[in-house]
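Working notes, structure below.
Below, read A as the first sequence line, B as the second, and so on, with proteins coming before strands; counting in each chain starts at 1. Heavy atoms only: backbone and side chains are in, while hydrogens, waters and symmetry mates are out.
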2 protein chains.
Amino acid sequence: MSALPLDPSEHRSGALLDHLARRMRLRAESVLAPLGLRPRHLVALTVLRAGGGTSQQALATTLEMDSTNIVGLLNDLEAKELVERRRSPQDRRRHVVELTEDGAKRLKEAECALAGVEDEVLGALEPAERETLYELLRRAATTTPISCSAAIDEEPDAC
Amino acid sequence: MSALPLDPSEHRSGALLDHLARRMRLRAESVLAPLGLRPRHLVALTVLRAGGGTSQQALATTLEMDSTNIVGLLNDLEAKELVERRRSPQDRRRHVVELTEDGAKRLKEAECALAGVEDEVLGALEPAERETLYELLRRAATTTPISCSAAIDEEPDAC
DNA sequence: TAAATAGTTGGTGCAACACAGACGATCCTT
DNA sequence: AAGGATCGTCTGTGTTGCACCAACTATTTA
């Protein structure tokens with residue numbers, strides 16, 4: 001009882017994450033517009049680059065979006081030839097979605113164009129800190145949510 | 001030319017931020033619902049706690065939301081007595097918005113309830129790393145966007 | 001052959017906004 | 001004291017990003 005251990009457990013990043021993502025997204029929209037991209041396209045492309053060829057429903061899972069909406073998203077991207085849908089030889093029902101060279105290039109351009117935005121939003125952080133942030137985010141983002149929730153099982157919510 | 005300096009400049013956190021925030025928000029919604037809160041309420045409360053008493057339009061600025069929509073948000077919060085609007089003695093047009101004790105308590109409860117969510121989304125990160133992440137996010141979030149954009153002035157977009 | 005699965009299409013509905021107009025209250029000028 | 005600007009409020013409109021449902025085709029698997 002005397003412990004009450006100086007609890008840093010209230011340090012929840014959720015709201016901060018939300019807030020920062022919003023600020024970033026608001027600015028990113030206008031910067032991305034001339035490139036014909038929207039923030040969510042960027043997210044998809046980023047995931048695609050990280051994950052290589054994936055089926056659409058795998059994409060739906062990692063993006064945690066309804067698969068019907070993935071279709072439209074990919075239509076956009078494919079119309080711009082940033083992404084390619086190919087039938088999987090193993091299972092011809094499947095579409096293997098992959099970044100095209102143009103896609104990778106455009107993604108890079110976009111990231112480049114976003115430098116200013118990041119400077120603005122992450123202005124309080126030193127370059128090294130930003131790199132740390134990036135690395136933490138990247139690692140957190142590239143874990144499948146499924147394996148996670150499976151690993152969690154039941155948590156007694158001991159608060 | 002030969003340099004091509006191993007450029008880590010492509011490490012843009014925007015998309016990752018977006019992605020993670022989304023994953024967090026999706027889960028947070030259901031966890032927060034029993035508490036009568038929505039993610040955006042959480043963000044507002046968090047900002048309010050960090051910033052102390054602020055006018056509504058200051059809030060609109062930091063949340064980067066239209067001030068007319070702030071009204072509704074605050075109405076929700078005030079109806080639940082999590083927030084208080086008082087006339088500013090200096091300028092009686094202004095409302096000084098402040099977290100009530102109930103508000104602070106509810107916020108803490110919410111953060112507590114979100115522990116599981118964070119475990120799920122940030123599962124790949126060790127506790128120490130999460131704390132680092134939190135600290136970085138906190139610092140980045142508590143900088144006024146205005147002073148930032150003013151500091152940037154004109155950037156020649158040298159990419 | 002039947003049932004399950006991947007993708008597509010179209011439609012509905014909701015919530016989060018942005019934006020605009022009009023208003024009262026209260027500054028701040030001159 | 002009068003006029004204009006500012007803060008908050010209310011109302012209403014439109015857009016967008018989704019989730020969700022239903023129906024359909026092509027394909028796989030049982």
Going by atom type alone, with no hydrogens or angles, which donor-acceptor pairs under 3.5 Å involve a side-chain atom of residues 28-45 of chain A and a protein atom two or more places apart or on another chain?
residue	atom	partner	partner atom	Å
A:Ser30	OG	A:Arg27	O	3.0
A:His41	ND1	A:Arg38	N	3.0
A:His41	NE2	A:Asp76	OD2	3.2

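One can place CD of B:Gln56 at 5 Å from P of D:dG8, the figure rounded to the nearest angstrom. Rounded to an integer number of Å, the gap from CG of B:Leu26 to C1' of D:dG17 is 12 Å. Per the geometry, CZ belonging to A:Arg22 stands 13 Å off C1' belonging to D:dG17, to the nearest Å.
Residues satisfying the side chain to side chain contact (heavy atoms under 4.5 Å, CB included) test with B:Thr68, not counting sequence neighbours, are B:Asp66. By the salt bridge (Lys or Arg N to Asp or Glu O under 4.0 Å) test, B:Lys108 pairs with A:Glu10, sequence neighbours left out. In this view, B:Ser67 and B:Ala60 satisfy the side chain to side chain contact (heavy atoms under 4.5 Å, CB included) rule, not counting sequence neighbours. For the side chain to side chain contact (heavy atoms under 4.5 Å, CB included) test, residues two or more places apart in sequence or in another chain that qualify with B:Arg130 are B:Glu118, B:Asp119, B:Leu122, B:Leu125.
Map A:Pro89 and B:Gln57 each onto its nearest nucleotide of DNA chain D; the residue landing nearer the 5' end is B:Gln57.
For the pair B:Arg86 and B:Glu98, the salt-bridge criterion is met [side-chain N within less than 4.0 Å of a carboxylate O]. Here A:Glu129 pairs with B:Arg139 in a salt bridge; the nearest charged N to carboxylate O distance falls below 4.0 Å.
Listed by first then second residue, pairs satisfying ring pair (Phe, Tyr, Trp, His ring centres under 6.0 Å) with a partner in residues 106-137 of chain B read A:His11-B:Tyr134, not counting sequence neighbours. Applying the side-chain hydrogen bond (donor to acceptor under 3.5 Å, both in side chains) test to residues at least two apart or on different chains, the pairs with a partner in residues 45-56 of chain B are B:Arg49-B:Glu111, B:Gln56-B:Arg85, B:Gln56-B:His95.
Looking at residues 69-78 of chain A, you'll see A:Asn69 sit with a heavy atom under 4.0 Å from some atom of DNA chain D. Using a 4.0 Å cutoff on non-hydrogen atoms, no part of residues 35-50 of chain A comes near DNA chain C.
Between chain B and DNA chain C, the heavy-atom contact criterion of under 4.0 Å yields a 5' to 3' nucleotide range of C:dA15 to C:dC27.
Note on the helix from C:dT1-D:dA30 to C:dC27-D:dG4: angle between the axes of the first and last five pairs equals 20°, rounded to 10 degrees.
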Distances under 3.5 Å between nitrogen or oxygen atoms of protein and nucleotides 23-27 of chain D:
residue	atom	partner	partner atom	Å
D:dT27	OP1	A:Arg92	NH2	3.2

